[in-house]
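Chain identifiers are assigned alphabetically (A, B, ...) following the order of the sequence lines, protein sequences preceding nucleic acid strands; residue numbering begins at 1 within each chain.
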Protein chains: 2
Amino acid sequence: MQMQVVNSLKAHGLKVTPQRVTILSAIEKKGHANIDEIYKEAKTTNPTMSLATVYKNITSLIETKLLKEVAINNQKSKYELSKEPHSHLICKECGSLEDIDSNNLFTLNNDKIDFDIEEVELNIYGVCNKCKDKGTSKN
Amino acid sequence: MQMQVVNSLKAHGLKVTPQRVTILSAIEKKGHANIDEIYKEAKTTNPTMSLATVYKNITSLIETKLLKEVAINNQKSKYELSKEPHSHLICKECGSLEDIDSNNLFTLNNDKIDFDIEEVELNIYGVCNKCKDKGTSKN
DNA sequence: GATATAATTAATAAAAATTATTATTTAGGA
DNA sequence: TCCTAAATAATAATTTTTATTAATTATATC
């Protein structure tokens, strides 16, 4: 079995089920995938896998920070294994998504990357000053 | 009527309907809003407005670049009026979204912004080299 | 290794979100 | 003002996501 995936589940306090191993392996194989792609890929290994199981596990895998959601304009969210901070090249034609290293990103001007950039978007997630003052209450 | 909104619609070749004016005004008022928020706000002005109309118009307003989708992890997409390139501060507690100027962003280290940054994400949209070579075919 | 128990799963139903259909209305040009 | 294509409201249909439940299973403890 995928020892890396198994250890990762254990390290995050999740039971090691074949479904979870399959889901994580599917994502690992694909790099990034949306729910349907994960489900389809997972079924090749585990044909009895239920779609609801995929949904439920994606949620808990995100909660335990094993996975990361990548929300994308005009597409269903994709999911990736948690890894070093990085950015994405998202193709507006085919929808493909590719990791890029964020480190040397700001030498991008000199055409080192074969990609027609149409739009650059930086999203900063965190906790706003209101919430910081209020504790953890939702509003 | 909202002259600015009316002119904007005309300039983008869309018919000026009260529904569209209402939708754009609602977004303008809110700054950013998801479908439900737009619908709710729009109904205060136009109580007979149909939800399907909101969906359909959001689509055409995005197609004509009058609106921009902001896909967000763990939330429904929000929509904003097209404007100068900028970034967003997205609160993981309350889900609030605030514009920030991208220009002086990289002096951010020195705590000028009252926001606990947990994650910075830069998404670059465009056309990949494959699609560039292939024309406009989808795959 | 066997057992108890809480968590997980498959199957399914239910709910929520989005898109399609259609008859009617309307915006904008002739 | 009239014509026509586009837009709308109402609704149905579809798609996506979540909840329910009985059966199964992972794992901790013996």
(message) Applying side-chain contact (heavy atoms from CB on, under 4.5 Å) to Asn74(B) and Lys92(B), what does each step give before you reach the verdict?
(response) CA-CA 9 Å; Asn74(B) 203 31; Lys92(B) 283 186 168 179; over 6 Å; no

(request) Give the rounded distance in Å between these two atoms: CD1 of Ile62(B) and P of dT18(C). (result) 12 Å

(request) Sugar-phosphate atoms are those with a prime plus P, OP1 and OP2; base atoms are the rest. Using that split, label each nucleotide of nucleotides 19-30 of chain D B, S or - for protein heavy atoms under 4.0 Å, 5' to 3'. (result) B------BS---

(message) In this structure, how many angstroms lie between the P atom of dT18(D) and the NZ atom of Lys76(B), rounded?
(response) 12 Å

(message) Whole angstroms only, please: what is the CD-C1' distance between Glu69(B) and dA17(C)?
(response) 14 Å

(message) Do Leu97(A) and Leu89(A) make a side-chain contact, defined as non-hydrogen atoms from C-beta onward lying under 4.5 Å apart?
(response) no

(request) Among Ile27(B), Leu14(B), Val5(B), find the one that has a side-chain contact (heavy atoms from CB on, under 4.5 Å) with Leu66(B). (result) Leu14(B)

(message) What is the separation between atom CG on Leu51(A) and atom P on dT17(D), rounded to the nearest whole Å?
(response) 9 Å

(message) In whole Å, I'd like the distance from the CG atom of Leu9(A) to the P atom of dT9(C).
(response) 10 Å

(request) Check every atom of dT9(C), dT8(D), dT16(D) against the side chain of Tyr55(A) and return the nucleotide holding the closest atom. (result) dT16(D)

(message) For Lys43(B), give me all partners under salt bridge (Lys or Arg N to Asp or Glu O under 4.0 Å), at least two apart in sequence or on another chain.
(response) none

(request) Answer yes or no: is there a side-chain heavy-atom contact under 4.5 Å between Met49(B) and Ile23(B)? (result) yes

(request) Grab the CE-C1' distance between Met49(B) and dT26(C) for me, whole Å please. (result) 15 Å

(message) Need the bend value for the helix from dG1(C)-dC30(D) to dA30(C)-dT1(D): angle between end axes, 5 pairs each end, nearest 10°.
(response) 50°

(request) Can you sort out which residues in residues 34-48 of chain A have a heavy atom within less than 4.0 Å of DNA chain D? Ascending by number, please. (result) none

(request) Please report, rounded to the nearest Å, how far the P atom of dA17(C) is from the CD1 atom of Ile58(B). (result) 15 Å

(request) Could I get the full list of side-chain contact (heavy atoms from CB on, under 4.5 Å) partners for Lys83(B), not counting sequence neighbours? (result) His32(B), Glu80(B), His86(B), Asp99(B)

(message) OP1 or OP2 of dA10(C) versus the side-chain N and O atoms of Gln19(A): is any pair under 4.0 Å?
(response) yes

(message) Nearest to the Arg20(B) side chain among dT8(D), dA10(D), dT17(D), which nucleotide is it?
(response) dT8(D)

(request) For Glu37(B) and Asn34(B), indicate whether the former's side chain and the latter's backbone hold a donor-acceptor pair under 3.5 Å. (result) yes

(request) Examine distances only and state if a side-chain atom of Ser77(B) and a backbone atom of Glu69(B) form a donor-acceptor pair shorter than 3.5 Å. (result) no

(request) Find out whether Leu9(B) and Thr64(B) are in side-chain contact, i.e. whether some heavy atom of one side chain is under 4.5 Å from a heavy atom of the other. (result) no

(request) Using atom CD of Glu63(A) as one end and atom P of dT18(D) as the other, report the distance to the nearest whole Å. (result) 11 Å

(request) Any side-chain hydrogen bond (donor to acceptor under 3.5 Å, both in side chains) involving residues 45-57 of chain B? Give me the pairs, sequence neighbours left out, ordered by first then second residue. (result) Arg20(B)-Asn57(B), Asn46(B)-Thr48(B)

(message) Would Lys10(A) and Val6(A) count as a side-chain contact (heavy atoms from CB on, under 4.5 Å) here? Give the steps.
(response) CA-CA 6 Å; Lys10(A) 283 181 182 164; Val6(A) 170; 4.1 Å; yes

